[in-house]
2 protein chains.
Amino acid sequence: MEKKRSRSQASSSFLESVTPSEREGRSGTQSSHRLLAYSDALISIIATVMVTQRAPLRHPHTGRGESVQLLLTTKIAVYLMTFLIVTVAWAAHIRLFQVIVRIDDCLALMNLACMMLITFLPYTFSLMATFPEKVLGILLFCACVMVIGLIQSVIVVYAFSRPFLLNEQIQISENQTFYKHHILKVIMRVPIMCLFASIFSFIFFQLSYVLLAIVIFLPYISQSLRWCRSKAIGQVEDTPDSMLFYTYHPNEPLSKERVEAFSDGVYAIVATLLILDICEDNVPDPATVRDRYGGSLTAALQSYGPEYLAYFGSFATVGLLWFVHHSLFLHVTKTTRFMGLLNTFSLAFIGGLPLAYQLTHEFPRNSRNELEAIQISCVIIFFAGIFQLAIWVVALFNERETLHPYVRYGGREHVFMLAKLALYPCVALGTFFLTCILSKFSAPIFHLMEITVPFAFLVLRLLVRVGLALLRLIFCPERPDPRTVLEEEDEETRTPFSALVT
Amino acid sequence: MEKKRSRSQASSSFLESVTPSEREGRSGTQSSHRLLAYSDALISIIATVMVTQRAPLRHPHTGRGESVQLLLTTKIAVYLMTFLIVTVAWAAHIRLFQVIVRIDDCLALMNLACMMLITFLPYTFSLMATFPEKVLGILLFCACVMVIGLIQSVIVVYAFSRPFLLNEQIQISENQTFYKHHILKVIMRVPIMCLFASIFSFIFFQLSYVLLAIVIFLPYISQSLRWCRSKAIGQVEDTPDSMLFYTYHPNEPLSKERVEAFSDGVYAIVATLLILDICEDNVPDPATVRDRYGGSLTAALQSYGPEYLAYFGSFATVGLLWFVHHSLFLHVTKTTRFMGLLNTFSLAFIGGLPLAYQLTHEFPRNSRNELEAIQISCVIIFFAGIFQLAIWVVALFNERETLHPYVRYGGREHVFMLAKLALYPCVALGTFFLTCILSKFSAPIFHLMEITVPFAFLVLRLLVRVGLALLRLIFCPERPDPRTVLEEEDEETRTPFSALVT
């Protein structure tokens, strides 16, 4: 059966790749699925790259006495900005390939060239951040962005000259030329702003930074401007009704597959960042073992104890946050731009986790710095979890379109999903306050949290059942057995769903 | 339309997740697609982790005079062994989740626990490699493998107690209990061998290594033993005819999706490994720029010049090798175990590329070491390409089952695919011999290759046309116009295909 299935899968991917136009003789068009997955993997690695820059932490002149917060501010700011820039580039990439749904060899190669420059962006940005008053950093960054913009415009022009590569809706649309110009206009805005920024860098470089900041927030600015205009003048609709792409509306659809692929990449990199470190640094040197530990490997490894604990703790935390994300997106049927933004915030915090864990075992036990490092970890976990919860809350506002019936209000998985999403924020908040009160026991409390949370997930379903039963018992003891109520709700939610499917 | 499409996609993933059994009241079963993609990402990162251990290269006592080969032998051996171990674990994971096609929360959590230990394996192995005569390394490694085996057995027992999680073929099979015992037997072989290995490590540790080597090559050994037995005694068939999983036959199907996902992960990590380095080391210190370069950032960056060139070169090479892989797998309809093995070999060489590129710019210009580093790069690229070609050759042996009609013998993309696959091995071989003859110009020749190959891919289709026309002109000038021949071939190949689809 598996054989049959894989064959039928193959033949369906086959069907995708063989469009009517292909039968007309144009060979070499392909479904873009794998190209996009590869691009997502590249971008997610690059987005988290900045966390691995731990050089300043190991610098001799930092000194153990300095406060962790002070030490980290610049580092975190640079990391967050890079993450932002890369995710903006990623969102533009999604938008482009929602319009172009099929590729050929030429497009694949152009996309690879584009990726090469996107992966180079963080370097130019960190150059810019290290030497803010030098022109070269700004110029390099702007040059990269401009070339990326040019390649993307070439991709658009190329794809519109071969309409069978386009989204079917645009293929059959009468406004194809309008679409083309609209998309080109949106894409070219960014390189043109960068051109101005690079020119101004010679005259008055502060203005360049303002321009570059505008580039990043351009979609939000233009969206709010349009909103203001529509409120002031009335309904200004200069786009055809069918306009679905490049609208920058918060409800603009964002490919769910790609949001998942990007998130998976970030979670996977973050989960393994610490083991990369451990492999590089924590295999003791044979000479050291002989001289310092009297040949006892066990004694040598014991000195690394906290790092193993940190590794397993971080892997478990990242893994479980991935698990929550996975559970949530399993029941999400459509991703909007706003949900994508919240997801990016959540991922940005998760990208900070390896740094926090490294801090946790970098400082001597029971020092003020260790306490602070643990508190930073808690804060990061809290925000990563809260933004996941926010995705769900936003989805609930428009639940008919975005959610599976099971997790809508009254669906049978609704409460369970809420419990899953709320577990990490609650635990992190609890741990944070506990470490504030019992500052002497901060490390043991934190490790206890890491160890108990996975088990909490295992018994969560049971806990939710008990909790619900208790709530019912307290607030409405006269109502019938909750089980039957749930069953009835099931019936209600299932009927429209099966109607939808059949 | 995109909206509609994403919705229909969602509802189909929906259909997958809602099995008949779920309608019977068992909630929480899910399609395993994303869990597997995440596992693939984790494993591919870990498989390439060992390449990042560049510590020995930067050690002060290595000295520039030593030969590169000598310096690298141990390093490469450890890297290849780790890659092998991790890919064996990955193959076992594929095999397991070809039987279990649906997951629930419990299985997802158990799988994450399994992943945590698999990502820890490389560390225990490098411990074992650094201290071969110590018991602790062997014990840790065996403990990891045993726990992984135990978790996998629990997963199997759990899944067979909930048959709706299984592959449909096993679900309807009468031999369910036989399957269960067979799979458990295959899975438990490895931890039991490891148990023996850990016991023997106290008595005679060399024997442990022999046992561990047997564990890795077990499938191949048992397969060849079975083959010998069948030749000696006759047809020994102790499995039901429908047995498709855990047969260890070279034609056993391997999920094509997962082979692609794993390959994408490796290519993505390898493409970005160098930029990780560059970001960490090559942003100059403001103080250094002021003191040494008289405040000129341009001068400071010029000293890093070769590293940028190496980055763009390596990204282009890895990207294009990915592109070839992508083109090949687009036309592969079924992946077998043997093709998976060849793919692993190709990936193992690609994982070595960042190391080779680092070597290229690590040594002074025109030294013997630089020449050797460039030659190593050529050898690596050659083998990575040759194994990709080998996948295609193997697929051609059984083309009816494994290949799309377009790329079979006589298909219209056949020659073009051959040209794509042969380009990198040929160019690498040519560069290798050129650097041998013109040893003075080795670096310029190598960089020239890096720059020209992407353009070669762009004009490849044209080159193939011209080449074919020339060949026809030389060997059979009396035959009709090649275009019409190709068209006729097209018709031939297209008819059975459309019959297959409709």
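Annotation: the span from A/Leu112 atom CG to B/Phe323 atom CZ amounts to 7.5 Å, rounded to 0.5 Å. Rounding to the nearest 0.5 Å places CD of B/Glu260 at 7.5 Å from NE2 of A/His33. Expressed to the nearest 0.5 Å, how far CG of B/Asp105 lies from NZ of A/Lys420 amounts to 3.5 Å. Atoms OG1 and CE, on A/Thr272 and B/Met116 in that order, are 14.0 Å from each other to the nearest 0.5 Å.
Both the backbone and the side chain of B/Ile269 come within contact range of chain A, judged by heavy atoms closer than 4.5 Å. Residue contact with chain A, scored on non-hydrogen atoms closer than 4.5 Å, involves the backbone and the side chain of B/Leu35 alike. Interface residue B/Tyr267: backbone and side-chain heavy atoms are both found under 4.5 Å from chain A.
In terms of heavy-atom pairs under 4.5 Å with chain B, the best-connected choice from A/Gly319, A/Ala41, A/Ala261 is A/Gly319. The choice from B/Ala37, B/Gly265, B/Ala268, B/Ser327 that makes the most heavy-atom pairs within less than 4.5 Å of chain A is B/Ala268. When each of A/Leu460, A/Leu117, A/Leu136 is checked for heavy-atom pairs under 4.5 Å with chain B, A/Leu136 comes out on top. When each of A/Phe315, A/Trp322, A/Phe457 is scored by its heavy-atom pairs under 4.5 Å with chain B, the top score falls to A/Trp322.
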Problem - A/Phe120 and B/Phe312: CA distance, side-chain angles, deciding distance, ring pair (Phe, Tyr, Trp, His ring centres under 6.0 Å) verdict - result: CA-CA 9 Å; A/Phe120 199 62; B/Phe312 285 115; 4.9 Å; yes
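Two residues are said to be in side-chain contact when any heavy atoms from C-beta on lie closer than 4.5 Å; B/Leu109 and A/Pro454 fail this criterion.
The ring-ring contact (aromatic ring centres under 6.0 Å, His included) search around A/Phe131 returns none, not counting sequence neighbours.
Nearest heavy atom pair, residue A/Arg34 against residue B/His326, reads NH1-CA, 3.3 Å. Nearest heavy atom pair, residue B/Tyr38 against residue A/Ala271, reads OH-CB, 4.0 Å.
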